[in-house]
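Scroll down for the structure; my scribbles are underneath it.
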Amino acid sequence: MRVLIADKFERSGLEALQAFGCEVIYQPDLKDDSLVAEIRRVRPDVLVVRSTRVTEPMFDAGPIKLVVRAGAGYNTIDVAAASKRGIYVSNCPGKNSIAVAELAFGLILALDRRIADNVIELRQGRWNKKEFSKARGLYGRTLGLIGVGQIGQEMIPRAHAFGMKVIAWSRSLTPERAATLGIARKDSPLDVAREADVISVHLALTPETRGMIGAEFFAAMREGAYFINTSRGEIVDQAALIKAMRERGIRAGLDVYASEPTAGTDDFNDEIAREPNLYGTHHIGASTDQAQEAIAAETVRIIKTFKETGKVPNVVNLAERTPATHTLVVRHRDRPGVLAHVLGAIRAAEINVQEMENIVFAGAQAAIARINLESAPSREMLDRLQVENPDIIELDLLELKS
Ligand SMILES: NC(=O)c1ccc[n+]([C@@H]2O[C@H](COP(=O)([O-])OP(=O)(O)OC[C@H]3O[C@@H](n4cnc5c(N)ncnc54)[C@H](O)[C@@H]3O)[C@@H](O)[C@H]2O)c1
Ligand SMILES: O=C(O)[C@H](O)COP(=O)(O)O
């Protein structure tokens with residue numbers, strides 16, 4: 001199996017892939033046209049990326065079967081184009097969430113104590129205890145989470161350790177789950193904005209979350225509150241954030257920007273970087289040794305499983321629901337030709353097959369196939385199938401609940 005890695009990747013991961021027989025091509029600086037050309041040249045089965053963009057022409061350039069996002073967010077991969085071609089896209093959920101929560105807390109503490117400004121003045125040879133002695137402190141304050149996925153959940157014990165109360169909105173957060181996590185559930189992001197002293201955003205970037213945090217949200221925030229975003233820049237309306245920083249004293253800690261470069265080093269001239277109320281980092285949330293080792297190990301596990309079983313862990317682009325209306329259950333003797341016979345009849349009836357599986361009983365004498373169909377076959381067709389093939393023990397038709 002040939003694996004092309006088009007981003008920075010841990011040595012331990014490279015060695016592990018080679019150890020189980022993968023041919024590894026490690027080209028961490030490839031992107032855009034150079035990546036298309038390399039896919040054409042190398043013809044990889046698997047493409048591994050971090051934030052490197054994966055576009056439709058890359059799928060047309062070679063026989064890629066699997067794309068592994070060595071990280072969490074896969075908005076930089078054209079997942080729809082992969083799905084159209086039957087190419088798996090997998091990620092490494094939860095493997096960098098502690099690292100991101102640690103950075104988010106670093107930003108919160110840095111904003112409260114203005115640590116970066118302290119350091120800059122000290123480096124310039126100026127002692128300014130008078131100015132930097134003003135801070136609010138975190139103890140007893142309220143942290144508001146927008147999104148309680150893997151990273152949002154890592155924020156909670158850290159906030160509790162600082163003596164903070166935690167409130168949260170997340171689309172699937174139930175009151176029971178909130179009680180288990182020891183947090184207060186809010187009905188909307190605006191409710192969180194109104195009640196929190198510090199807000200931290202931990203959402204995936206999707207068409208629904210793009211621009212979700214905008215002028216109304218910032219207007220609802222408390223004067224002078226802190227706003228942290230380590231998820232994706234595009235979730236936030238940056239112009240509205242800058243206005244809130246200038247007019248309402250909001251301090252922001254950002255690790256991500258809609259305009260951020262994809263390369264490791266580049267110019268960055270976004271106006272927000274010059275705002276005095278911004279403490280910005282360079283999309284480094286996931287970049288600790290611990291997180292990258294965990295990501296590499298998970299990437300290796302995904303590729304090894306694929307190589308050895310054909311199955312893929314953590315796939316993000318399988319259909320959640322198919323147009324199937326019925327399941328045909330075929331109990332049969334485990335002999336050649338039974339399934340071909342059933343499928344032939346289904347094809348003759350012009351019924352489309354969706355998912356199917358065949359499980360075999362101990363001793364390999366009998367098996368059961370479950371075939372999901374887009375419409376119901378006639379009773380007459382099922383009776384005929386059973387008469388025609390003595391290896392079919394029983395046929396059952398189940399209607400699927402929508
Ligand atoms: N700064 C970094 O280096 C860094 C590192 C890891 C992840 N991230 C970003 O943080 C995001 C969150 O990471 P995670 O590990 O917590 O992922 P996760 O999948 O565990 O959580 C994603 C959250 O987004 C919510 N969500 C998804 N679609 C939504 C929608 N349509 N409407 C409302 N909510 C929606 C989910 O309910 C969940 O709460 C990632 O998607 C990634 O973009 C950044
Ligand atoms: O979604 C992620 O995992 C992070 O944004 C990390 O991105 P990176 O792998 O490019 O550092």
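Both counts, for ligands and for their atoms, begin at 1 and track the order of listing. Note that this is a predicted model, so its numbers are computed, not measured.
An N or O contact shorter than 3.5 Å is missing between N75 and ligand 1 by distance. For ligand 1, the polar-atom distance check finds an N/O of A286 within less than 3.5 Å of one of the ligand's N/O atoms. At least one N or O atom of Q150, backbone or side chain, sits closer than 3.5 Å to an N or O atom of ligand 1. On a distance-only criterion, S172 and ligand 1 share no N/O pair closer than 3.5 Å. Considering backbone and side-chain atoms alike, A286 places every N or O at 3.5 Å or more from each N or O of ligand 2. When only interatomic distances are considered, the shortest N/O to N/O separation between E208 and ligand 1 falls below 3.5 Å. The shortest N or O to N or O distance between G71 and ligand 2 is not below 3.5 Å. For ligand 1, none of its N or O atoms has an N or O atom of G94 under 3.5 Å away. Polar contact check, T209 against ligand 1: no nitrogen or oxygen pair lies under 3.5 Å apart. Not a single N or O atom of Q292, backbone or side chain, sits closer than 3.5 Å to an N or O atom of ligand 2. Of the N or O atoms in W169, none lie within a sub-3.5 Å distance of an N or O in ligand 1.
Closest to atom 21 (O) of ligand 1 by heavy atom, among S287, G73, G285, G149, is G149.
Both the backbone and the side chain of L203 come within 4.0 Å of ligand 1, judged by heavy-atom distances. The proximity of L103 to ligand 1, defined as any non-hydrogen pair under 4.0 Å, does not occur for either the backbone or the side chain. Contacts between H283 and ligand 1, counted as non-hydrogen atom pairs separated by less than 4.0 Å, involve the side chain only. In R232, the part holding a heavy atom less than 4.0 Å from any atom of ligand 2 is the side chain. With a 4.0 Å cut-off on non-hydrogen atoms, I151 touches ligand 1 through its backbone as well as its side chain. Contact annotation for V256 and ligand 2: no heavy atom of the residue comes within less than 4.0 Å of the ligand.
Other residues, nucleotides and ligands contribute over 12 non-hydrogen atoms within 6.0 Å of the CZ atom of R158. When the shell of 6.0 Å around CG of D266 is examined, it contains more than 12 heavy atoms from other residues, nucleotides or ligands. The neighbour count for K304 NZ, taken as heavy atoms of other residues, nucleotides or ligands under 6.0 Å away, does not exceed 12.
Summarising the geometry of R113 relative to A135, their closest heavy-atom pair is CD-CB, 3.5 Å, with the distance given to 0.1 Å.
With respect to D197 and R222, a salt bridge is recorded, a charged nitrogen being found less than 4.0 Å from a carboxylate O. Under a 4.0 Å N-O distance rule, the pair R335/D391 qualifies as a salt bridge. Under a 4.0 Å N-O distance rule, the pair D187/R185 qualifies as a salt bridge.
Listed by number with element, the atoms of ligand 2 under 4.0 Å from a non-hydrogen atom of A72 are 1 (O), 2 (C), 3 (O). Proximity to S51 (heavy-atom distance under 4.0 Å) selects the following atoms of ligand 2: 7 (O), 8 (P), 10 (O). Of all atoms in ligand 1, listed by their number and element, those nearer than 4.0 Å to a heavy atom of T230 are 1 (N), 2 (C), 4 (C), 8 (N), 44 (C). Taking a cut-off of under 4.0 Å to the non-hydrogen atoms of S231, the atoms of ligand 1 that pass are 9 (C), 10 (O), 43 (O), 44 (C). Every atom of ligand 1 with a heavy atom of R232 under 4.0 Å away is listed here by number and element: 8 (N), 9 (C), 42 (C), 43 (O), 44 (C). Each of the atoms 4 (C), 5 (C), 6 (C) of ligand 1 lies under 4.0 Å from some heavy atom of V100. Distances below 4.0 Å separate heavy atoms of V148 from the following atoms of ligand 1: 39 (O). Using a 4.0 Å cut-off to heavy atoms of N96, the atoms of ligand 1 that qualify are 5 (C), 6 (C).
A donor-acceptor contact shorter than 3.5 Å links the side chain of N91 to the backbone of A72. Although no hydrogens or angles enter the test, the distance criterion places a donor-acceptor pair under 3.5 Å between the side chain of Q292 and the main chain of A286.
D117 and Y279 are linked by a side-chain donor-acceptor pair at a separation below 3.5 angstrom, with hydrogens and angles left out of the test.
Partner I108 forms a side-chain contact (heavy atoms from CB on, under 4.5 Å) with one of M155, R141, R251 and no other, that one being M155.
In this structure, CG in L400 is found 11.5 Å from CZ in R321, a value given to the nearest 0.5 Å. Atom CG of residue L395 and atom CZ of residue R379 lie 7.0 Å apart, to the nearest 0.5 angstrom.
The protein atom (non-hydrogen) at minimum distance from atom 22 (C) of ligand 1 is A204 N, 3.8 Å. Closest to atom 9 (O) of ligand 2, if we only count protein heavy atoms, is R50 NE, 2.8 Å. If you check which protein heavy atom lies closest to atom 37 (O) of ligand 1, you get R171 NE, 3.2 Å. If you check which protein heavy atom lies closest to atom 7 (O) of ligand 2, you get R69 NH2, 3.1 Å. Remark: minimum distance from atom 5 (O) of ligand 2 to any protein heavy atom is reached at H283 NE2, 2.6 Å. With respect to atom 23 (C) of ligand 1, the closest heavy atom belonging to the protein is H202 O, 3.5 Å.
Heavy-atom distances between S170 and ligand 1 reach below 4.0 Å in at least one pair.
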TODO: In sequence, state the C-alpha distance, the side-chain angles, and the governing distance for E275 and R246, and then conclude on salt bridge (Lys or Arg N to Asp or Glu O under 4.0 Å).
DONE: CA-CA 8 Å; E275 289 294 318; R246 289 179 186 167; 2.6 Å; yes

- [ ] With salt bridge (Lys or Arg N to Asp or Glu O under 4.0 Å) as the test, would you mind laying out the steps for D45 and K65 before giving the verdict?
- [x] CA-CA 5 Å; D45 303 290; K65 301 175 182 68; 2.6 Å; yes

- [ ] Assess whether salt bridge (Lys or Arg N to Asp or Glu O under 4.0 Å) is satisfied between R114 and E131, documenting all intermediate values.
- [x] CA-CA 10 Å; R114 296 176 59 200; E131 170 64 21; 2.6 Å; yes

Task: Trace of the salt bridge (Lys or Arg N to Asp or Glu O under 4.0 Å) decision for R85 with E56 - done: CA-CA 10 Å; R85 292 163 173 79; E56 190 153 22; 3.0 Å; yes

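There is no protein heavy atom closer than 4.0 angstrom to atom 19 (O) of ligand 1.
Below 30°, between 30° and 60°, or above 60°: for F162 and F105 the angle between ring planes is below 30°, a parallel geometry.
Inter-residue side-chain proximity for F306 and E308 is flagged as unmet; no heavy-atom pair is nearer than 4.5 Å.
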